[in-house]
Amino acid sequence: MRVVKKIKEMKKIADQLRKEGKIIGFVPTMGYLHEGHLSLVKIAKRKSDVCVVSIFVNPLQFGPKEDYHTYPRNFKRDKKLLTALGVDIIFYPSEKEIYPEPCLTSVQVKKLSEGLCGRVRPGHFEGVATIVTKLFNIVKPHIAVFGQKDYQQAIIIKKMVKDLNFDIKIIIAPTIREKNGLACSSRNIYLNEKERKEATVLYQSLRLAKKMIKEGERNSERIIKEMKKLITTKSSGKIDYIEIVDAKTLAPVKKISGKVCIALAVFFGKARLIDNILVQSG
Ligand code: AMP
């Protein structure tokens with residue numbers, strides 16, 4: 001296992017690997033790794049010859065009032081976990097290495113970035129698309145794995161890769177959850193014991209929505225109303241949004257048909273948790 005901190009070195013390694021005909025699998029992360037990240041790494045490893053994981057907390061994707069400075073970091077622990085999994089390279093650049101001067105260029109994926117989290121986090125997905133583009137140009141992967149946990153992000157990256165003709169296959173991997181249903185997230189560290197227990201209501205509400213659809217309900221408003229009721233009666237969570245959108249276009253749907261994504265963001269204390277579920281409505 002090798003830790004690479006410089007862009008020049010990472011590019012040189014990637015060029016050499018490609019020359020040797022090796023398939024490069026890539027998992028971009030912000031570190032503070034959990035089972036969700038590790039599941040992506042396992043997939044990337046299975047599908048490639050050389051597995052690269054990047055760890056970089058990207059300032060561009062945080063709003064001025066968000067948690068960039070307090071975002072949890074623990075490189076030593078991350079390195080241990082990735083070594084145990086047999087990762088070949090950790091790309092671990094400093095902020096100065098990635099942004100030596102103000103970045104005047106950005107990548108914007110319109111429409112898909114405008115709803116859901118994009119509405120409440122202006123500029124977030126532009127920051128994500130820009131850093132992912134930079135990382136793709138540095139790591140030069142053939143395959144990159146993203147989590148369904150951040151469904152909007154994964155769809156945006158897929159569209160960006162298609163629109164800009166990147167030669168990279170994007171894989172969307174399932175959401176990994178704790179036994180109680182809570183989706184693994186680096187931000188779960190912000191939760192106290194009570195909030196952690198209460199936050200299990202998020203997955204319960206998504207399951208309830210799925211059940212309603214499977215039983216024939218097609219009215220999004222009625223489903224969202226029931227989800228809100230469940231969350232507010234069973235927890236102290238403050239709902240940021242709950243939406244039902246088309247799984248491909250992310251456009252809100254009033255009357256459910258085809259494949260939909262039910263997505264939510266809820267605050268528990270200072271933690272803003274997101275989760276979603278995909279449902280085929282028959
Ligand atoms: P992050 O470090 O939060 O930027 O996440 C890095 C990658 O891990 C992204 O592709 C996320 O979608 C993915 N990820 C985060 N949490 C989970 C989870 N619980 N299950 C699966 N993938 C996840």
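Atoms within a ligand are numbered from 1 in the order they appear, just like the ligands themselves.
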| said: I need the minimum non-hydrogen distance between I231 and S205, along with the two atoms involved. | reply: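 Heavy-atom minimum between the residues: CD1-OG, 3.7 Å.
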| Test: R119 and E114 ion pair at under 4.0 Å |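 Result for this pair is no, no salt bridge flagged.
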| query | For ligand 1, what are the residues with a heavy-atom contact below 4.0 Å? | reply |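 Contacting ligand 1 under 4.0 Å are P28, T29, M30, H34, G36, H37, L40, Y71, F146, G147, K149, D150, Q153, P174, T175, I176, C184.
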| field | Test: K225 and E221 ion pair at under 4.0 Å | value |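 Not counted as a salt bridge, because no side-chain N and carboxylate O are separated by less than 4.0 Å.
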| T70 side, atom OG1; K270 side, atom NZ - distance, nearest 0.5 Å |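 Here the interatomic distance stands at 5.5 Å.
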| task | Indicate yes or no: at least one non-hydrogen side-chain atom of S236 is less than 4.5 angstrom from one of E198. | result |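 The answer is yes; the side chains approach within 4.5 Å.
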| said: I want to know whether Y92 and F56 have ring centres closer than 6.0 Å. | reply: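 No; F56 has its ring centre 6.0 Å or more from that of Y92.
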